[in-house]
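No hydrogens, no waters, no symmetry mates; every other heavy atom, side chains included, goes into these values. FYI, the numbering just counts along the sequence from 1.
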Amino acid sequence: MKPILSKLPDLKTSIFTRMNVLAREHHAINLAQGFPNFEPDTRLKSLVNQAIQEGYNQYAPMEGIYSLREIIAEKIESLHGARYHPETEITVTAGATQALFTAITTFIRPGDEVIVLKPAYDCYEPAILANGGVPVLVQLKEPLYEVDWDEFREHLTEKTRMVIINTPHNPSGGILSREDLRELGRSLGDSNIIVLSDEVYEHIVFDGKKHNSLSGDKDLASRTIVCASFGKTFHSTGWKMGYCAAPVSLMKEFQKIHEFNVFCVNHPIQRAMATYLEQSEHYLDLNAFYQAKRDLFLEGIAGSRFRFTPTRGTYFQLLDYSDITDERDTELAKRLTVEKGLASIPISTFNCAGQDHKQLRFCFAKTTDTLEKAVNILQSV
């Protein structure tokens, strides 16, 4: 047999895998990968068990059960004033990553260019490359990781097919403002460029700020696929449950790929989510819940040698260590894990050309006990 020609010949083992393996080997506190180390609400777990016992154990409809799509549409309208028809414009997915991959696969053909704002979550570029697309990378500007819209416009060409937006932003914790959305709209003008909006941290925004969903901008919404995650919202990342919303012209094409990718997703969990979402406090209270964890973490490292700007969204906090050492962030992340027993993520792995701004990302979606142990380690650095 001849050697297999890989679609992703240069793909390296992800930084998440590398840091998780290192954390396990050295029994380190793991603030690297973004998952909670506490359980989902007992009520939600009971609803899943109830749905299993009631017999919802066979295929769900391809688009997702109607009651769940209906309440998702109602949630979006309540929060952002946008009305998506649950019959034709909402799809329940096997997590946001599947939604993102499916959207890219649906619309990107060989040679199409896709603008990716860096630092970026590491699933975007492999999906683009696997479909023959060309990632066009634009670095966000420090210290707040903001978009330079003049530079953004310089990268738009006649080959640009898609722009990927992420707000609230992983890994920086930034959020796009209303002015940012206006700039995006002006930049795209009357082109046929599609926007893929990764909004998995939509309910985790701090200090009274607002998540500006692209669904809330009528002009942008007409060209946008919005992807979201129940796993991030309800502390259940292992369930791999998400959804996306888009105008019918885009969703019709999305579902053609979705049907032959996963066909449908976990039926009993859909039943549980449809009931659980009826009480809006289950997601509206999340901002305060995670802000308390962020504040506990930051108050704990006050007086340490790390510098930071409090994250505005997500459950990640960047710490600047430039006053401590000149090491590359990849080396310091490894040394902290091996020598100090605390795992984090080096940000250079997400930047253009591995730009190293001496920052590590820490996940604070952890119990108080875990955060206090992590704080003690950081204070000793």
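- When the side chains of ILVMFWY residues are joined at heavy-atom separations under 4.5 Å, either directly or via intervening members, Phe101 and Val195 end up in two distinct hydrophobic clusters.
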What verdict does the salt bridge (Lys or Arg N to Asp or Glu O under 4.0 Å) test give for Glu331 and Lys334, after you've listed the backbone C-alpha separation in whole Å, the side-chain angles of each residue and the deciding distance to 0.1 Å? CA-CA 5 Å; Glu331 291 304 312; Lys334 181 178 179 180; 5.6 Å; no

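- Atom CG of Leu117 and atom CG of Asp148 lie 11.0 Å apart (nearest 0.5 Å).
- Here the side chains of Ile301 and Phe308 are in contact, with some heavy-atom distance below 4.5 Å.
- Classification of Glu54 and Arg271 as a salt-bridged pair fails, no side-chain N sitting under 4.0 Å from a carboxylate O.
- Taking every heavy atom of both residues into account, Gly174 and Arg312 meet most closely at CA-NH2, 3.3 Å.
- In this model, a donor atom of one side chain and an acceptor atom of the other lie less than 3.5 Å apart for Gln139 and Asn351.
- In this structure, Tyr315 has its ring center closer than 6.0 angstrom to the ring center of Tyr201.
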What verdict does the side-chain contact (heavy atoms from CB on, under 4.5 Å) test give for Glu74 and Glu77, after you've listed the backbone C-alpha separation in whole Å, the side-chain angles of each residue and the deciding distance to 0.1 Å? CA-CA 5 Å; Glu74 291 171 359; Glu77 183 173 25; 5.6 Å; no

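- For the pair Asp180 (side chain) and Ser177 (backbone), a donor-acceptor distance under 3.5 Å is present.
- In this pair, Phe234 and Phe230 present their aromatic rings parallel. The plane angle is below 30°, not in the 30 to 60° band.
- At distances below 3.5 Å, not a single donor-acceptor pair connects side-chain atoms of Arg109 with backbone N or O atoms of Gly133.
- Put simply, the side chain of Gln317 gets close to the backbone of Thr311: a donor and an acceptor are under 3.5 Å apart.
- Side chain of His203 to backbone of Leu286: no donor-acceptor contact under 3.5 angstrom is found.
- Leu188 pairs with exactly one of Arg223, Glu183, Arg153 by the side-chain contact (heavy atoms from CB on, under 4.5 Å) rule, that one being Arg223.
- Smallest separation of non-hydrogen atoms from Thr160 and His155: OG1-O, 3.9 Å.
- A distance-only check finds no donor-acceptor pair linking the side chain of Thr102 to the backbone of Ala99 [under 3.5 Å].
- Lys366 forms a cation-pi arrangement with Phe35, by the criterion of a distance under 6.0 Å to the ring centre and an angle within 45° of the ring axis.
- Note: Phe38 and Tyr290 have tilted aromatic rings, judged against thresholds of 30 and 60 degrees for the angle between ring planes.
- For Asp295 and Lys293, the salt-bridge test fails: no basic side-chain N is under 4.0 Å from an acidic carboxylate O.
- Following chains of ILVMFWY side-chain contacts shorter than 4.5 Å, one can reach Leu378 starting from Ile324, so the two form part of one hydrophobic cluster.
- The side-chain heavy atoms of His357 and Ile347, taken from C-beta on, include no pair separated by under 4.5 Å.
- Checking side-chain atoms of Glu113 against main-chain N and O of Val134 turns up no donor-acceptor pair under 3.5 Å.
- With hydrogens and angles ignored, the 3.5 Å screen pairs a side-chain donor or acceptor of Tyr321 with a backbone N or O of Asp329.
- Cluster membership check: Met162 shares its hydrophobic cluster with Leu137, using side-chain heavy-atom separations under 4.5 Å among Ile, Leu, Val, Met, Phe, Trp and Tyr.
- Minimum heavy-atom separation, Pro247 to Thr224: CD-O, 3.4 Å.
- Between the CG atom of Leu277 and the CG atom of Leu68 there is a distance of 6.5 Å, given to the nearest 0.5 Å.
- Atom NZ of Lys159 has 12 or fewer neighbouring heavy atoms from other residues, nucleotides or ligands inside a 6.0 Å radius.
- Annotation: side chain of Val226 is in contact with side chain of Ser215 (closest heavy-atom distance under 4.5 Å).
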Run Gln255 and Met62 through side-chain contact (heavy atoms from CB on, under 4.5 Å) and show every step you take. CA-CA 8 Å; Gln255 289 178 350; Met62 180 268 288; 4.0 Å; yes

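- The two residues Asn287 and Val205 have their closest heavy-atom pair at OD1-N, 2.9 Å.
- Under the 30°/60° scheme for interplanar angles, the aromatic rings of Phe297 and Phe362 are found to be tilted.
- Note on Asp207 versus Arg294: salt bridge recorded, some NZ/NE/NH1/NH2 to OD/OE distance being below 4.0 Å.
- Residues Pro135 and Val114 are not in side-chain contact: their nearest non-hydrogen atoms beyond the backbone lie 4.5 Å or more apart.
- In terms of hydrophobic clustering, with Ile, Leu, Val, Met, Phe, Trp and Tyr side chains grouped at heavy-atom distances under 4.5 Å, Ile90 and Ile65 are assigned to a common cluster.
- When only modelled atom types and interatomic distance are considered, Thr367 and Asp369 share no side-chain donor-acceptor pair under 3.5 Å.
- The distance between the ring centers of Phe289 and His235 falls below 6.0 angstrom.
- With contacts defined as side-chain heavy-atom distances shorter than 4.5 Å, the pair Val48/Trp239 qualifies.
- Formation of a donor-acceptor pair under 3.5 Å by the Lys218 side chain with backbone atoms of Ala82 is not found in this model.
- Atom NZ of Lys373 sits in a sparse spot, with 12 or fewer heavy atoms from other residues, nucleotides or ligands closer than 6.0 Å.
- Judged by distance alone, the side chain of Arg69 and the main-chain N or O of Gly64 form a donor-acceptor pair under 3.5 Å.
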Decide yes or no on side-chain contact (heavy atoms from CB on, under 4.5 Å) for Lys75 and Tyr243, but give the supporting numbers first. CA-CA 12 Å; Lys75 178 174 79 78; Tyr243 63 91; 2.8 Å; yes

side-chain contact (heavy atoms from CB on, under 4.5 Å) evaluation trace for Phe364 with Leu296: CA-CA 9 Å; Phe364 54 82; Leu296 173 69; over 6 Å; no

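- With contacts defined as side-chain heavy-atom distances shorter than 4.5 Å, the pair Leu184/Leu214 qualifies.
- Remark: of the listed residues Glu199, His80, Glu202, Glu199 is the sole one forming a side chain to side chain donor-acceptor pair (under 3.5 Å) with His211.
- Residue Asp320 holds its CG atom at 7.5 Å from CD of Glu142, rounded to the nearest 0.5 Å.
- Using a 3.5 Å distance cut-off with no hydrogens or angles, the side chains of Thr314 and Asn170 do not pair a donor with an acceptor.
- Under the 3.5 Å distance criterion, with hydrogens and angles disregarded, no donor-acceptor pair is assigned to the side chains of Asn20 and Thr17.
- Side-chain contact check for Leu342 versus Thr337: every heavy-atom pair is 4.5 Å or farther apart.
- Both Phe350 and Leu196 are members of a single hydrophobic cluster when ILVMFWY side chains are connected at heavy-atom separations under 4.5 Å.
- Glu125 and Lys118 are joined by a salt bridge, as a carboxylate oxygen and a charged side-chain nitrogen come within less than 4.0 angstrom of each other.
- With no hydrogens or angles considered, no side-chain donor-acceptor pair links Glu63 and His258 at under 3.5 Å.
- Using a 4.5 Å cut-off on side-chain heavy atoms (C-beta onward), Ser236 and Met241 make no contact.
- For Thr237 against Pro36, the heavy-atom pair with the smallest separation is CG2-CD, 4.1 Å.
- The 12-atom threshold is exceeded at NZ of Lys45, counting heavy atoms of other residues, nucleotides or ligands nearer than 6.0 Å.
- Pairing each heavy atom of Ala32 with each of Ile345, the nearest pair is O-CG1, 3.5 Å.
- Between the side chain of Lys7 and the backbone N or O of Asn131 there is no donor-acceptor pair closer than 3.5 Å.
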